Amino acid sequence: MTHPFSPEDHRWMAHALRLARHGLASTTPNPRVGCVLVREGRLVGEGWHRQAGGPHAEIHALQQAGEQARGATAYVTLEPCAHHGRTPPCADALIQAGVQRVVAAMADPYPEVAGRGLARLREAGIPTECGLLRAEAQQLNAGFLSRVLRGRPWLRLKLAMSLDGRTAMASGESQWITGEAARQDVQHWRARACAILTGVETVLQDDPQLNVRLPDHPRQPVRVVLDSNWRMPPHLRMLNDGQPVWQLGVGQPPAGDFPARRHSLPEQDGRVELAAALDWLAEQGINELHAECGPTLAGALMQAGLVDELLLYQAPVILGHTARPLLEWPLARMAQRQTLPPPRLRKVGDDLCHHYLLQPPADWATQEAH
């Protein structure tokens with residue numbers, strides 16, 4: 001069967017995906033969406049979703065195109081919505097504007113859309129096609145898809161290690177293994193996350209802020225601390241910078257005021273049950289969760305199969321055999337070894353970033369083209 005998408009289709013959808021990336025740090029809990037309107041081979045309108053509650057990508061593109069939208073093809077990275085949320089349905093706006101064709105990168109799994117947007121367009125006599133650059137669109141919105149389809153956030157684990165696989169000296173000293181370029185690179189990954197996850201041991205050892213330190217950044221992620229026994233003291237830096245912190249523990253938290261939102265979760269072996277924590281975070285609208293933590297929590301997340309994406313920064317330094325390991329994961333036999341998929345490698349300053357997709361959305365996200 002001949003593939004329905006032309007080189008021009010690919011060109012314009014790739015442009016729509018580039019536009020969608022402008023919303024990486026600002027659209028949560030909504031998906032990142034881009035839209036372009038093309039008439040007679042010429043771009044007449046473009047837009048992207050900028051923030052929840054604001055106009056969707058299609059509306060920005062239609063406003064820019066004006067009357068030139070009539071007879072145009074709309075390329076949109078996610079199926080146009082067909083329900084009244086904070087904004088009116090985009091499918092209706094495309095119909096009213098008189099577009100002649102709509103191409104979507106992927107269907108929207110959100111229950112109130114889920115094929116209805118494309119169906120409404122077809123009912124109005126507008127041909128629709130779905131699936132162009134689907135994998136790229138899925139990866140762009142891995143967090144949104146994960147929350148809607150799996151009921152938990154997309155979890156990215158960031159680790160930094162020496163050439164000999166160590167993350168800190170035996171004393172706990174760890175600043176800095178990697179160079180300034182790698183630390184700046186991490187800022188961009190933090191910026192796109194809805195929340196940053198860590199464990200209480202890291203908080204007590206390092207007193208980190210775990211915030212985004214980029215100019216003109218529109219939003220700070222929530223800091224989430226797994227603190228099974230409610231050990232965080234109130235003087236920590238992250239508790240006194242005016243940005244939200246959620247403390248997740250087991251049992252009743254101590255009485256009295258505390259500068260964090262506290263929530264009790266089920267326990268497993270005396271600690272917060274990790275799967276329950278992720279389920280609860282999804283209920284709070286967290287799409288993309290970025291974890292920066294010590295070897296105990298990192299190892300537990302890996303063992304539980306909850307890590308979707310692994311960012312491993314490797315510095316050309318040696319810390320020696322007494323330094324702390326990358327993960328606490330008791331593997332006794334070679335048969336237990338964990339094989340990871342091939343990484344994407346990037347040079348970041350003097351360091352090397354190994355980027356692994358452990359559970360890519362294409363493996364579990366819906367694939368139907370409506």
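Predicted model, so just to flag it, every value in this text is computed and none were measured.
In summary, R18 and E136 do not engage in a salt bridge, as defined by a charged side-chain N under 4.0 Å from a carboxylate O. Using a cut-off of 4.0 Å between Lys/Arg side-chain N and Asp/Glu carboxylate O, R11 and E8 are scored as salt-bridged. Between R152 and D308, at least one side-chain nitrogen of the basic residue sits less than 4.0 Å from a carboxylate oxygen of the acidic one, meeting the salt-bridge criterion. By the 4.0 Å N-to-carboxylate-O rule, E79 lies too far from R116 to be salt-bridged with it.
Between the D164 side chain and the I318 main chain, no donor and acceptor come within less than 3.5 Å of each other. Judged purely by atom type and a 3.5 angstrom limit, D108 uses its side chain to pair as donor or acceptor with the backbone of Y110. Judged purely by atom type and a 3.5 angstrom limit, R42 has no side-chain atom pairing as donor or acceptor with the backbone of R39. For the pair T77 (side chain) and G34 (backbone), a donor-acceptor distance under 3.5 Å is present. The closest donor-acceptor contact from the side chain of D206 to the backbone of P208 lies at 3.5 Å or more, if one exists at all. The backbone N or O of R50 lies less than 3.5 Å from a partner atom in the side chain of S26, making a donor-acceptor pair. Remark: the backbone N or O of P244 is paired with a side-chain donor or acceptor of R223 at under 3.5 angstrom. Under the 3.5 Å distance criterion, the side-chain polar atoms of Q336 are matched with a main-chain donor or acceptor of A332. For Q243 (side chain) and P221 (main-chain N/O), no donor-acceptor pair under 3.5 Å exists by modelled atom type. Although no hydrogens or angles enter the test, the distance criterion places no donor-acceptor pair under 3.5 Å between the side chain of T167 and the main chain of L326.
Looking at heavy atoms from C-beta onward, P233 lies out of side-chain contact with L239 at the 4.5 angstrom threshold. Residues L236 and V245 form no side-chain contact, since every pair of their non-hydrogen atoms from C-beta on lies 4.5 Å or further apart. A 4.5 Å side-chain heavy-atom check between P316 and L352 finds every atom pair outside the cut-off. With contacts defined as side-chain heavy-atom distances shorter than 4.5 Å, the pair L140/L24 qualifies. For the pair V102/P127, no side-chain contact is recorded, criterion being any heavy-atom separation below 4.5 Å from C-beta on. In this structure, F144 and C194 have side chains that are not in contact, with every pair of non-hydrogen atoms separated by 4.5 Å or more. By the 4.5 Å heavy-atom criterion applied to side chains, E292 and T202 are not counted as neighbours. In this structure the side chain of Q303 reaches within 4.5 angstrom of the side chain of P330, judged on heavy atoms.
Taken to the nearest 0.5 Å, the OG1 atom of T178 stands 10.5 Å off from the CG atom of D350. A distance of 6.0 Å separates CG in L306 from CG in L274, rounded to the nearest 0.5 Å. One finds the CZ atom of R147 at 11.5 Å from the CG atom of L281 (value rounded to the nearest 0.5 Å). Atom SG of C35 and atom CG of L62 lie 6.5 Å apart (nearest 0.5 Å). Going from atom CE of M302 over to atom CH2 of W329 covers 4.5 Å, rounded to the nearest 0.5 Å. Remark: R32 CZ to L19 CG distance equals 15.0 Å, nearest 0.5 Å.
Judged by distance alone, the side chains of Q220 and N211 never bring a donor and an acceptor atom under 3.5 Å apart. Side-chain atoms of S162 and R166 include no donor-acceptor pair closer than 3.5 Å. Side-chain atoms of H60 and E46 include no donor-acceptor pair closer than 3.5 Å. Using modelled atom types and a 3.5 Å distance limit, the side chains of Q51 and R219 yield no donor-acceptor pair.
L226 and V200 end up in different hydrophobic clusters when Ile, Leu, Val, Met, Phe, Trp and Tyr side chains are linked at under 4.5 Å. Criterion: ILVMFWY side-chain heavy atoms under 4.5 Å apart, direct or through other members. Under it, L301 and L210 are not part of a common hydrophobic cluster. W280 and V250 fall within the same hydrophobic cluster, where Ile, Leu, Val, Met, Phe, Trp and Tyr residues are linked whenever their side-chain heavy atoms come under 4.5 Å apart, directly or through other members. Residues L358 and L159 share a single hydrophobic cluster, defined by chaining ILVMFWY side chains whose heavy atoms lie under 4.5 Å apart. No path of Ile, Leu, Val, Met, Phe, Trp and Tyr side chains, each step under 4.5 Å between heavy atoms, connects M238 with L289, placing them in separate hydrophobic clusters.
R213 CZ: more than 12 foreign heavy atoms inside a 6.0 Å radius. Annotation: E67, atom CD; neighbour count of heavy atoms from other residues, nucleotides and ligands within 6.0 Å does not exceed 12.
Just one residue in the list R346, K158, R190 forms a salt bridge (Lys or Arg N to Asp or Glu O under 4.0 Å) with D185, and that residue is R346.
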How far apart are the C-alpha atoms of Q100 and T73, what are their side-chain angles, what is the distance that settles it, and do they pass the side-chain contact (heavy atoms from CB on, under 4.5 Å) test? CA-CA 6 Å; Q100 71 165 9; T73 294; 4.1 Å; yes
Could you go through the salt bridge (charged side-chain N to carboxylate O under 4.0 Å, His left out) check for R120 and E123 one step at a time? CA-CA 5 Å; R120 184 174 296 188; E123 288 163 6; 5.8 Å; no
Residue pair H15, Y75: steps toward the side-chain contact (heavy atoms from CB on, under 4.5 Å) verdict: CA-CA 9 Å; H15 183 51; Y75 297 90; over 6 Å; no
Could you go through H217 and Q187, starting from their C-alpha distance and side-chain angles, then the distance that decides it, and tell me whether this counts as side-chain contact (heavy atoms from CB on, under 4.5 Å)? CA-CA 10 Å; H217 182 63; Q187 294 295 316; over 6 Å; no
Give the intermediate values and the outcome of side-chain contact (heavy atoms from CB on, under 4.5 Å) for residues Q284 and H263. CA-CA 12 Å; Q284 312 313 303; H263 184 75; over 6 Å; no
Assess whether side-chain hydrogen bond (donor to acceptor under 3.5 Å, both in side chains) is satisfied between H49 and E58, documenting all intermediate values. CA-CA 8 Å; H49 184 43; E58 297 94 322; over 6 Å; no
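Note: W48 and H22 have tilted aromatic rings, judged against thresholds of 30 and 60 degrees for the angle between ring planes. Between H354 and Y356, the angle of the ring planes stays under 30°, which puts this pair in the parallel group of the 30/60° scheme. Using cut-offs of 30° and 60° for the angle between ring planes, the W154 and W364 rings count as tilted.
Across every non-hydrogen atom of N30 and G53, the tightest pair is ND2-N, 4.2 Å. The heavy-atom pair separating L145 from P361 by the smallest distance is CD1-CB, 4.4 Å. Scanning all heavy atoms of the two residues, the minimum distance from N287 to P29 falls at ND2-O, 2.9 Å. Across all non-hydrogen atoms, the minimal contact from P31 to L78 is CG-CD2, 3.6 Å. The two residues A74 and L94 come nearest to each other via the heavy atoms CB-CD2, 4.2 Å. Considering all non-hydrogen atoms of both residues, P266 and A276 come closest at CD-CB, 3.9 Å.
Residues that satisfy the salt bridge (Lys or Arg N to Asp or Glu O under 4.0 Å) test with E328, not counting sequence neighbours, are absent from this structure. Residues passing the ring-ring contact (aromatic ring centres under 6.0 Å, His included) test with H188: none are found, sequence neighbours excluded.
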